[in-house]
Student: 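Dropping the structure in here first, questions after.
Residue numbers start at 1 and run along the sequence shown. As the structure lists them, so they are numbered: ligands from 1, and atoms in each ligand from 1. In what follows, every heavy atom counts, from backbone to side chain, and hydrogens, waters and symmetry copies are set aside.
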Amino acid sequence: MSNQYILALDQGTTSSRAIVFDQQARPVAQAQRTIRQSYPQPGWVEHDGVEIWESQLAAVQEALHSGQINPEQIGSIGITNQRETVLVWDRTSGEPIHPAIVWQDRRTASLCEALKDRGLAKVVTDKTGLLIDAYFSATKIAWILDHIEGAREKANRGELLAGTMDTWLIWKLTSGQVHATDVTNASRTMLFNLDTRDWDEELLSELQIPRCILPTICMSGHFYGMTDPKWLNGVAVPIHSVLGDQQAALFGHTCLEAGSAKNTYGTGCFILMNTGSERVTSTHGLLTTVAWGMGDEMYYALEGSVFVAGAAIQWLEEGLGWIDEPAQSERMASQVPTSDGVVVVPAFTGLGAPYWDMYARGAIFGLTRGTTSNHIVRATLESLAYQSRDVINAMEKDAGMPLQELRVDGGAVSNDLLMQFQADILGAVVTRTETGETTALGAALLAGLVSEVWSKEQLKQFNPAERMFQPLMDEEKKEELYRVWQDAVRRTMGWEQHHFES
Ligand SMILES: Nc1ncnc2c1ncn2[C@@H]1O[C@H](COP(=O)(O)OP(=O)(O)O)[C@@H](O)[C@H]1O
Ligand SMILES: O=P(O)(O)OC[C@H](O)CO
């Protein structure tokens with residue numbers, strides 16, 4: 001039978017992946033290519049745009065090869081991607097004019113302050129659902145246009161194109177025929193007006209970003225175009241879904257009803273709660289974002305992002321050299337019954353939701369002569385769970401109801417100790433699902449829905465629970481630990497501004 005598979009492209013912060021799913025949404029072949037992280041200055045993070053494309057294409061070819069799958073058997077492609085990360089390239093040559101500026105990059109913090117000083121905070125929140133922060137794409141695009149010689153003039157003449165990684169991959173896959181993005185990615189730029197569902201004139205003009213360099217905005221489930229046959233053995237394949245990776249994970253967890261939520265533990269932690277077709281405006285430091293769009297309907301989510309989650313485990317490995325691989329963090333942490341009062345706040349690049357402090361910096365508290373590396377490793381793991389609770393507490397307040405179940409995915413969920421601590425410190429069930437690759441699954445499920453491989457009613461069956469972690473810690477202990485955490489966070493806030501900035 002031809003056209004029996006769906007190919008998902010998952011362009012993440014640390015790697016580009018390709019996963020082929022069958023008609024029961026089971027992964028049948030996959031491949032992954034790591035991408036280089038570049039830190040040219042403190043607080044800056046860049047990716048090579050060409051490497052992103054080449055690694056993604058190589059992953060696709062390797063996945064098809066390893067699964068002995070002919071491109072003719074691929075009925076549909078779904079794309080999901082690290083969000084906010086943005087690239088600007090030359091429309092004619094297709095060459096990026098600067099490396100991609102990654103979501104974690106803080107170089108535009110002062111530009112964000114200037115926008116706030118111009119009284120734009122409320123305008124941005126009302127129009128985009130976001131808060132002014134260097135995290136989002138808008139100020140990154142403005143920075144490139146300001147710092148690359150001649151870029152602004154070229155942009156004004158329509159000689160440049162800009163886009164998040166979905167847009168870049170669509171443009172490459174269609175060999176420059178399609179310059180498009182979806183509503184979820186657009187909703188992360190700080191330029192997308194949720195009411196008009198279009199780029200916002202006022203925000204474009206404040207940042208002097210010409211509309212002509214931005215992609216066309218489409219629904220997430222949509223026919224984007226056919227891939228150029230030259231990439232897949234002479235076969236053109238339709239692209240049927242595009243959505244940011246956190247929204248894709250929400251979809252992949254089949255969190256389709258309002259009130260359901262997921263946490264993805266990758267480089268950062270990303271917690272999204274579906275709020276249905278209602279747009280809930282947070283009063284507790286969360287973002288309103290688009291969950292997905294299909295047909296005429298747009299669905300929304302509340303989101304809280306933790307900037308440094310798995311990245312803290314990478315710091316144990318690469319920065320401190322204490323572990324040889326992430327899984328070793330669990331083995332070390334298991335050597336001690338508790339972190340013995342040690343608290344690690346990994347605010348390496350500031351703090352995201354619900355604190356939004358660009359100037360917080362990391363700290364280790366509670367060291368004694370008895371502290372060992374095992375305690376610090378355990379406290380680092382616990383910091384992922386504490387930061388997630390910070391966000392979930394804010395979500396519960398905004399949504400007006402307690403969270404019963406948190407569905408989880410991402411690289412760090414294989415860590416049982418972390419998952420148990422998460423259930424304990426939350427006081428809620430943490431459900432790890434069978435499909436490790438929930439993000440890619442979400443893109444595939446949406447592509448399959450658009451291409452009518454399955455119906456919406458069938459989706460629920462596709463990502464069952466693998467293990468449910470029940471909360472075991474007593475209430476008093478849980479709240480006492482959490483109070484200590486909150487005190488530690490308070491002490492890290494504003495650090496960079498107080499001590500190093502003139
Ligand atoms: N067993 C583990 N315990 C803790 N952290 C882990 C473990 N395995 C992987 N990680 C962390 O998870 C992250 C990778 O997850 P992944 O979902 O692949 O990230 P991304 O999509 O952001 O590239 C890394 O930061 C890594 O340190
Ligand atoms: O690549 P990930 O999985 O770390 O996700 C990055 C996010 O989309 C950034 O908002």
Student: Looking at D133 and K116, is any side-chain nitrogen of the basic one under 4.0 Å from a carboxylate oxygen of the acidic one?
Tutor: no
Student: Using the ring centroid of each side chain, check whether W89 and W53 are separated by less than 6.0 Å.
Tutor: no
Student: Identify, by atom number and element, the atoms of ligand 2 in contact range of Q246, meaning under 4.0 Å from any of its heavy atoms.
Tutor: 3 (O), 5 (O), 7 (C), 8 (O)
Student: So is there a nitrogen or oxygen of S15 less than 3.5 Å from a nitrogen or oxygen in ligand 1?
Tutor: no
Student: Aromatic ring centroids of W103 and F270 under 6.0 Å?
Tutor: yes
Student: Test of understanding: given a 4.0 Å heavy-atom threshold, classify the contact between D245 and ligand 2 as side chain, backbone, both, or neither.
Tutor: side chain
Student: Look only at interatomic distance and state if R188 has a nitrogen or oxygen under 3.5 Å from any nitrogen or oxygen of ligand 2.
Tutor: no
Student: What is the nearest protein non-hydrogen atom to atom 25 (O) of ligand 1, stated with its residue, atom name and distance?
Tutor: Q314 OE1, 2.6 Å
Student: Does ligand 2 have a heavy atom under 4.0 Å from the side chain of E84, from its backbone, from both, or from neither?
Tutor: side chain
Student: Within the 4.0 Å heavy-atom shell around T13, which atoms of ligand 2 are there?
Tutor: 1 (O), 2 (P), 4 (O), 5 (O), 6 (C)
Student: Is it true that D416 and R432 have a side-chain N and a carboxylate O under 4.0 angstrom from each other?
Tutor: yes
Student: Under 4.0 Å from a heavy atom of G12: which atoms of ligand 2 are those, numbered in the order shown and with their elements?
Tutor: 1 (O)
Student: Evaluate G411 for polar contact with ligand 1, using N/O atom pairs at a separation under 3.5 Å.
Tutor: yes
Student: Got more than 12 heavy atoms from elsewhere within 6.0 Å of CZ, R331?
Tutor: yes
Student: Would you say NE2 of H147 has more than 12 non-hydrogen atoms from neighbouring residues, nucleotides or ligands within 6.0 angstrom?
Tutor: yes
Student: Quick one: do E496 and R106 make a salt bridge, cutoff under 4.0 Å?
Tutor: no
Student: Under a heavy-atom criterion of less than 4.0 Å, does Q328 contact ligand 1?
Tutor: no
Student: Would you say N81 has any N or O atom under 3.5 Å from an N or O of ligand 2, going by distance alone?
Tutor: no
Student: What about the rings of F307 and F348, do their centers lie closer together than 6.0 Å?
Tutor: no
Student: Quick test of your reading of the structure: of A312, G410, P326, S16, whose heavy atom lies closest to atom 2 (C) of ligand 1?
Tutor: P326
Student: Looking at ligand 1, does any of its N/O atoms fall within less than 3.5 Å of an N/O of G310?
Tutor: yes
